[in-house]
Amino acid sequence: MRRVAVVGAGMTLFRHRMLETGKEMAFEASRMALDQAGLDIKDVDSVVLGSAPDAFDGVHMKGEYLLDGAGGTCKPYTRVYVGGGTGVFVPIAAWWQVASGVADIVLVVGEEKMSPLLPHPQYAFWSIFDPILERPLGVTLLWIFSLEMRRYMHVYNVKEEDIALVAVKNKRNALDHPAAQLAANITVDDVLKSEPICWPVKRLDVSPTSDGAAAVVLASEDVARRITDDPVWITGVGWNVDSTYWTNRDLCYPEYLEKAANMAYRMAHISDPKKEIDFAEVYDPFDYKELHHMEGLQLARRGEAPKLTREGVTQRDGDLPINPSGGLLGVGNPIAAAGMMKIAEVFWQLRGEAGKRQVKKPVRRGLAQAWGDLMQVGTVVIMER
Amino acid sequence: MESKKTLPGTPIAGAEWDNEVYSFRKHSVQLRYAWDAGSAVSGFLEGLKEGRILGRRCNRCMRVLVPPRAFCERCFRSTDEWVEVKDTGKINTYSVSYVNNDASRRDKPLIVAVIEIDEASPGMGFLHVLGEVEPSKVHVDMKVKAVWKPRDERVGAITDIKYFKPLEV
Amino acid sequence: MTKVAIIGVGYSGYAPLTPHMSFKEMMFEAAKRAYTDAGINPRTDVGSFICCEEDLWEGISITDEYVPDQLGGAQRAVCTVSDDGLVGLINGYMQIKSGLADVVVVESHSKLSNVLSQGDVSSMSFEPYYERPFLTVETAVALEMRRYMFDRELGDDIPAMVVAKNKKNGLGNPRAPYSAILSMDEVLSSPMVCEPLRKAHIPEPADGCAVTVLASEEKARILVDQPVWIRGVGWFSDTPWVSQRDFSKAVYAEGSSKMAYKMAGVNTPAKHFDFVEVDDSYGYKELQHLEALGVYTKENIKRAVEVSETDLRGPLPVNPSGGKISLGDMVEANGLVRVVEAVLTLRGQGPRSLRGAKHALVQSWRGPPTASGSTVILEV
Ligand SMILES: [Zn+2]
């Protein structure tokens with residue numbers, strides 16, 4: 001197993017609608033990542049792209065369409081896909097190309113352009129459900145989130161107020177992120193009084209739909225040592241997918257995420273994640289998901305994440321900063337690009353390049369995580385200085 | 001990163017979009033599919049037509065799988081037999097939806113729930129909607145019963161069950 | 001680093017219609033065969049599962065939601081590579097090489113019979129602003145076919161001979177639903193679709209599922225008597241813009257094979273292989289691919305067809321399985337379907353004339369309108 005480093009990162013603005021096409025956004029993010037790494041496209045051996053449903057763009061085989069924007073022309077190029085978990089999975093698929101010795105430099109691109117779908121990007125999510133057993137009920141993506149949130153609240157006796165604290169923290173953190181779409185100073189009361197969409201989910205519990213792209217460059221150890229004094233190593237990767245039958249499991253705890261995390265922890269030789277992970281970018285398309293995921297990652301005991309949040313442990317100046325970027329709730333949620341934004345944030349934080357977002361304590365090891373499918377997939381990357 | 005004060009990208013404001021300031025190309029398509037339901041789901045749908053909820057039992061782990069499937073994902077073997085289960089159950093979790101699947105607001109909120117079906121293995125259930133109850137009266141673990149469409153209106157679809165309603169008052 | 005072998009193959013479907021089973025049940029059947037073949041239990045012995053599929057061919061967005069259970073992959077490392085099944089196999093190869101897993105399952109399937117709007121889905125694969133307004137799959141193919149035939153001075157008879165050969169090869173393959181005795185004249189009298197493309201050139205859609213089990217050398221030697229080694233892999237994409245391609249050559253096949261040859265140390269591809277399985281869409285693609293792979297040249301490809309060199313009993317059998325022409329078009333499964341064929345042939349379970357074959361090449365193309373493809377070199 002060869003060591004693999006991250007040597008550059010880049011991203012576009014995240015916004016509800018962007019003028020740039022998907023190809024153009026992929027290009028902008030890729031160019032910025034290559035510039036930071038001091039590399040040119042001709043140095044790149046292979047390109048891996050991540051993007052979520054083709055239904056957003058109205059383009060079939062979207063990976064082929066985005067190919068030239070992502071720098072894949074006349075190169076080994078492919079697209080990988082695990083629903084919402086894709087953003088953190090693309091670097092994993094690039095990792096095994098480098099670790100296996102097949103490639104030395106891999107460009108990793110996450111792109112999402114959700115705005116083209118009319119009347120609303122949410123409509124695409126109807127087609128993720130079982131066509132025979134679920135779609136006839138008029139199911140929406142919001143249903144399954146609210147059903148999971150309700151179950152989590154019920155089993156661990158979690159209050160809506162505690163969950164709202166996550167939205168308040170992340171939207172405030174995002175005030176310092178130059179890409180942010182929904183940065184704001186809001187209160188718990190604002191969240192609780194925001195319009196109910198699918199109770200217990202309210203408007204301010206939810207991340208927006210977005211357009212955007214983000215990219216990183218991975219390199220083998222010898223290349224990394226040659227081109228940078230400051231490589232960030234990928235020391236653990238893990239992913240896991242649970243059964244399709246989401247109505248057959250207890251939604252209060254993400255077992256699949258625990259298994260994904262354990263795969264990554266084993267590889268990174270981590271036995272006590274709560275002590276050994278300095279900070280984390282966990283997937284927060286909804287505010288309760290940050291809590292749910294902290295528990296699945298074993299950064300908090302089951303039902304304990306709301307307490308840690310209340311006590312300020314997860315703030316940027318806390319003992320275990322969570323989503324110092326501002327997360328999906330604050331920066332935006334162009335699905336595959338959002339996960340890649342988290343990878344980029346861990347990279348910038350570990351290099352001390354996060355500016356006003358830099359967490360207070362010194363950091364050596366960070367974790368990025370994403371989640372998706374039918375509340376079913378967990379993807380985890382651990383990075384170290 | 002912090003030195004990059006301006007990241008690439010050109011946002012389009014809502015008014016610019018509404019007034020079609022920028023050019024775009026519209027494409028409208030209705031994609032049609034006919035998914036083969038397969039043996040397990042076909043049997044389930046046939047059962048619904050007759051007003052019965054059917055599961056499949058795996059004789060190794062002895063679970064009764066609802067909705068039924070041809071294989072047990074834990075044991076990785078074919079399931080063994082059909083089992084009729086009750087049309088009652090309890091609410092595992094529920095929500096109140098104020099929006100449609102295209103994000104437009106509903107005229108009337110809809111209560112949706114995951115219902116653990118009685119006589120299926122613990123935790124086994126499916127997604128459906130609730131009726132004849134106010135949102136404020138619903139709770140986790142509430143006992144519910146299927147309300148079926150009249151026999152001549154049933155077509156072998158999940159919507160042959162109109163909704164589930166509370167057993168208790 | 002470890003060598004990687006294919007230790008099990010399984011398949012199901014391979015028919016124009018499969019109404020008796022859902023895609024899940026079709027996958028379950030193929031997976032059971034592959035696991036039995038490899039002697040493994042998917043719940044305890046597999047490190048990773050890879051599926052290759054595309055949302056709009058399934059009619060389900062985020063279609064990887066619906067794959068784990070029937071492969072024995074629930075609560076395991078499962079992912080989708082949105083690409084041809086052969087690229088999925090290559091990713092499995094790299095996962096094993098990297099030390100991430102020692103047994104990997106790769107699956108791909110087609111339920112094209114369930115897609116009623118095949119034309120609409122295909123048209124959505126074109127770039128929306130410049131290409132989609134006037135290009136269809138048939139026109140894009142015909143433009144390339146015309147130019148390639150012009151550059152090589154090929155008459156209509158040459159692609160027709162390829163179609164007839166592959167239809168005939170399929171007759172010896174129990175898995176090939178579209179095999180037939182078809183004369184060159186019958187091909188040439190089939191209806192014109194988009195000049196010079198005729199109906200008989202176009203592979204017919206089929207349902208089917210292919211599953212392969214890969215293993216590290218250590219595991220392979222414990223589990224099976226006859227591992228098939230993966231000696232080289234390559235994948236490559238040309239420009240996505242249809243109008244900017246060099247129609248006279250398959251750049252993607254050239255790029256992917258160069259990568260694979262380098263890895264496997266193959267210096268003279270024209271002499272190295274006992275048989276090859278290449279994408280043979282529309283007849284002419286088989287020839288364009290053979291050139292790009294360096295197995296033939298633009299000077300000798302025409303003659304190779306005319307003197308039947310690529311026939312089942314010729315010096316270099318091309319598509320002994322019957323190819324896509326006989327097996328049917330299974331979209332993203334096409335590459336993996338051919339791996340199954342090549343593995344069976346290398347084990348001596350294919351055509352009688354190829355018993356004892358040791359070296360094989362499998363090449364795949366993602367189909368129109370893409371210019372992406374992959375190559376794998378196999379050996380026993
Ligand atoms: Zn079982």
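Chain A is the first sequence line, chain B the second, and so forth, proteins listed ahead of strands; every chain is numbered from 1.
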Q.
With rounding to the nearest 0.5 angstrom, report the CG to CG distance, B/Leu65 to C/Asp69.
A. 10.0 Å
Q) In residues 72-83 of chain C, which residues are in contact with chain B at a heavy-atom separation under 4.5 Å? A) C/Gly72, C/Ala74
Taking every heavy-atom pair that is under 4.5 Å apart, which of [options] has the most such pairs with chain B?
{"options": "C/Lys32, C/Arg43, C/Met21", "answer": "C/Arg43"}
{"options": "C/Leu116, C/Val121, C/Val115, C/Leu17", "answer": "C/Leu116"}
{"options": "C/Met26, C/His20, C/Gln70", "answer": "C/Gln70"}
{"options": "C/Ser123, C/Ala31, C/Ser113, C/Pro19", "answer": "C/Pro19"}

Q) Measuring heavy-atom distances to chain C, does B/Ser78 have an atom under 4.5 Å in its side chain, in its backbone, in both, or in neither? A)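 For B/Ser78, the contact with chain C is made by backbone and side chain together.
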Q: Give, as side chain, backbone, both or neither, the part of B/Ala37 having an atom under 4.5 angstrom from any heavy atom of chain C.
A: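 Answer is backbone: N, CA, C or O of B/Ala37 sit under 4.5 Å from chain C.
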(Q) Pair B/Phe76, C/Tyr35 - check side-chain contact (heavy atoms from CB on, under 4.5 Å), show working. (A) CA-CA 11 Å; B/Phe76 199 70; C/Tyr35 302 156; 3.4 Å; yes
**Q.** CA sep, side-chain torsions, deciding dist, call: C/Leu56, B/Tyr33, side-chain contact (heavy atoms from CB on, under 4.5 Å)
**A.** CA-CA 10 Å; C/Leu56 295 191; B/Tyr33 299 87; 4.0 Å; yes
(Q) Check whether B/Glu73 reaches the backbone of C/Leu71 with its side chain - one donor and one acceptor, N or O, closer than 3.5 Å. (A)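 No, the answer is negative, given that no donor and acceptor are paired below the 3.5 Å cut-off.
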Q.
Tell me if a side-chain donor or acceptor on C/Ser22 pairs with a main-chain N or O of B/Asp36 at a distance below 3.5 Å.
A.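 A pair under 3.5 Å: no.
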Q) Checking side-chain contact (heavy atoms from CB on, under 4.5 Å) for the pair B/Arg69/C/Lys24: CA distance, chi angles, key distance, verdict? A) CA-CA 9 Å; B/Arg69 58 217 78 155; C/Lys24 290 182 187 174; over 6 Å; no
